[in-house]
Q: 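Here you go, one structure.
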Amino acid sequence: VKKKNGNGKRNNSDRNYFNFSSEKKKRIAGIFLILLSIFIFLCIISYSRKDEVLLVNSIFSGVETHNWLGIVGAHFSYFFIKTTIGYFSIVFPVIMFLWGISFFKKFTFKTLIHTTNFLLIIGLTLASFFGVLKAGLDFLPGSKELRGNIGDYLGIWLGSLFGTAGSILFLLFVSATVLIFAFDVKIENIFQFIKNMFATGDE
């Protein structure tokens, strides 16, 4: 009887050991998001225009690329930089990293949502800014890496609504609003700082 009970206990402990609890699933998901965010981050920062010629080849072609993560990294970097918001797509792996860390560190859901929204708005605003300059002033027409397809589209759309000058003012307003909500920046302190600069110059 004792042996049976002993074996029964060992079997139960083995089942518990190999059982995927919700805590284990969260840790696996967190590790996956962290590693994926690092992967995408390295893809983006090692982007090279020279790799675009190689993208027509097969992934398994074994062609040497300038991207640190090979032909797969070249495909990922092309997607994020050219088809989204240019170099500012760096916000995507940062967001993924924060959500991955949240599985191990206690962040409030409100903090994660606010941080995600802040980074997305900043990325879209910066890409749109260069899209407006390209659409209205033909500024840096060959540097699509600064705006991507989404930045181009938003630049054309804003330009048709407000014109170039109005679009720039609108984007400045959006940026100021985001900074005020995110960092509690006080506009009166900025005006006071500018006033003090002019006052010092007059003396």
Side-chain angles (χ1 to χ4, degrees), residues 33 36-56 65-100 112-187 189-191 193-194 197:
L33 283 176
L36 181 61
S37 67
I38 295 173
F39 175 84
I40 295 174
F41 178 82
L42 293 176
C43 290
I44 292 174
I45 64 173
S46 61
Y47 166 81
S48 174
R49 287 186 182 181
K50 298 177 181 178
D51 291 336
E52 293 183 21
V53 182
L54 308 176
L55 298 182
V56 295
T65 65
H66 295 81
N67 196 285
W68 296 345
L69 295 165
I71 194 69
V72 174
H75 277 274
F76 270 90
S77 64
Y78 179 85
F79 169 77
F80 279 100
I81 290 178
K82 287 299 183 74
T83 65
T84 61
I85 54 176
Y87 285 124
F88 306 110
S89 60
I90 201 77
V91 300
F92 296 125
V94 173
I95 291 170
M96 293 172 61
F97 183 82
L98 290 175
W99 281 90
L112 287 171
I113 291 296
H114 284 181
T115 305
T116 300
N117 291 337
F118 168 74
L119 292 173
L120 286 176
I121 293 172
I122 287 296
L124 286 170
T125 301
L126 292 171
S128 300
F129 176 75
F130 285 101
V132 168
L133 293 180
K134 162 62 174 61
L137 304 175
D138 200 28
F139 180 74
L140 297 175
S143 299
K144 194 171 184 178
E145 294 86 357
L146 293 173
R147 54 190 186 273
N149 286 344
I150 295 177
D152 270 339
Y153 173 78
L154 291 175
I156 295 171
W157 180 68
L158 288 172
S160 64
L161 282 178
F162 306 113
T164 303
S167 299
I168 293 173
L169 291 175
F170 173 76
L171 291 173
L172 288 175
F173 169 75
V174 171
S175 301
T177 303
V178 171
L179 290 174
I180 289 170
F181 275 102
F183 300 107
D184 195 23
V185 176
K186 299 185 182 301
I187 298 297
N189 292 341
I190 297 175
F191 284 122
F193 175 75
I194 296 173
M197 285 181 60

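Along the sequence shown, residues are numbered consecutively beginning with 1.
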Q: To the nearest 0.5 Å, what is the distance between CD1 (Ile44) and CH2 (Trp68)?
A: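 One finds 12.0 Å between CD1 of Ile44 and CH2 of Trp68.
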Q: Tell me every residue that passes side-chain hydrogen bond (donor to acceptor under 3.5 Å, both in side chains) with Ser46, counting only those two or more places apart in sequence or in another chain.
A: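 With sequence neighbours excluded, Ser46 shows a side-chain hydrogen bond (donor to acceptor under 3.5 Å, both in side chains) to Asn67, given in chain and number order.
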Q: Under 3.5 Å, side chain of Ser167 to main-chain N/O of Leu158, donor-acceptor pair present?
A: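 Judged by distance alone, yes, a pair lies under 3.5 Å.
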Q: Check the pair Leu33, Phe97 against side-chain contact (heavy atoms from CB on, under 4.5 Å), reporting the backbone distance first and the verdict last.
A: CA-CA 6 Å; Leu33 283 176; Phe97 183 82; over 6 Å; no
Q: Identify the heavy atoms of Cys43 and Ser77 that sit nearest to each other, and give their distance.
A: O-CB, 3.1 Å
Q: So, using ring-ring contact (aromatic ring centres under 6.0 Å, His included) as the criterion, who are the partners of Phe39 when residues are at least two apart?
A: Phe76
Q: Is the side chain of Ser89 donor-acceptor paired with the backbone N or O of Ile85 at a distance under 3.5 Å, no angle test?
A: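 No.
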Q: Set out, in order, the CA-CA distance, both residues' side-chain angles and the distance that settles side-chain contact (heavy atoms from CB on, under 4.5 Å) for Leu36 and Met96, then state yes or no.
A: CA-CA 8 Å; Leu36 181 61; Met96 293 172 61; 3.2 Å; yes
Q: Taking the side chain from Ser48 and the backbone from Lys50, do they hold a donor-acceptor pair closer than 3.5 Å?
A: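 Yes.
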Q: Taking Asp51 for its side chain and Thr65 for its backbone only, find out whether a donor-acceptor pair lies under 3.5 Å.
A: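 Flag not set: sc Asp51 to bb Thr65 has no pair under 3.5 Å.
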Q: For the CD1 atom of Ile168 and the CG atom of Leu137, what is their distance to the nearest 0.5 Å?
A: 6.5 Å
Q: Calculate, to the nearest 0.5 Å, the distance between atoms CD1 and CD1 belonging to Ile45 and Ile40 respectively.
A: 12.5 Å
Q: Show, in sequence, the C-alpha distance, side-chain angles and deciding distance for Ile122 and Val91, and conclude whether the side-chain contact (heavy atoms from CB on, under 4.5 Å) test is met.
A: CA-CA 9 Å; Ile122 287 296; Val91 300; 5.7 Å; no
Q: Is the count of non-hydrogen atoms from other residues, nucleotides or ligands lying under 6.0 Å from Phe162 atom CZ greater than 12?
A: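 Above 12, so yes.
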Q: Ring-plane angle category for Tyr87 and Tyr47, please: parallel below 30°, perpendicular beyond 60°, tilted otherwise.
A: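 The rings of Tyr87 and Tyr47 stand perpendicular, inter-plane angle above 60°.
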Q: Before you tell me yes or no, could you show the steps for Thr164 and Val132 under side-chain contact (heavy atoms from CB on, under 4.5 Å), namely the whole-Å CA-CA distance, both residues' side-chain angles and the distance that decides it to 0.1 Å?
A: CA-CA 6 Å; Thr164 303; Val132 168; 4.1 Å; yes
Q: Do Thr83 and Ile150 come close enough that some side-chain heavy atom pair is under 4.5 Å?
A: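 Sidechains of Ile150 and Thr83: no contact.
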Q: With a 4.5 Å cut-off on side-chain heavy atoms, are Ser37 and Val94 touching?
A: no
Q: I need the Asp152 CG to Lys134 NZ distance, nearest 0.5 Å.
A: 6.0 Å
Q: Taking the side chain as every heavy atom from C-beta outward, state whether Lys82 and Glu52 have any atom pair closer than 4.5 Å.
A: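 Sidechains of Glu52 and Lys82: in contact.
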Q: Can you measure from CG (Leu133) to CG (Leu140) and round to the nearest 0.5 angstrom?
A: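 Nearest 0.5 Å value for the CG-CG distance: 8.0 Å.
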Q: Minimum heavy-atom separation for Leu119 to Ile95, with atom names?
A: CD1-CG1, 3.7 Å
Q: Give a yes or no on whether Trp99 atom CH2 has more than 12 heavy-atom contacts from other residues, nucleotides or ligands under 6.0 Å away.
A: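 More than 12 within 6.0 Å, yes.
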Q: Could you work out, with side-chain hydrogen bond (donor to acceptor under 3.5 Å, both in side chains) as the rule, every residue matching Lys144, not counting sequence neighbours?
A: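 Result, side-chain hydrogen bond (donor to acceptor under 3.5 Å, both in side chains) vs Lys144: Asn149.
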Q: Atom CG of Leu161 and atom CG of Leu154: how far apart are they, to the nearest 0.5 Å?
A: 11.0 Å
Q: Could you report the tightest heavy-atom contact between Leu120 and Phe92, atom names first, then the distance?
A: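 Closest approach of Leu120 to Phe92: CD2-CE2, 3.6 Å.
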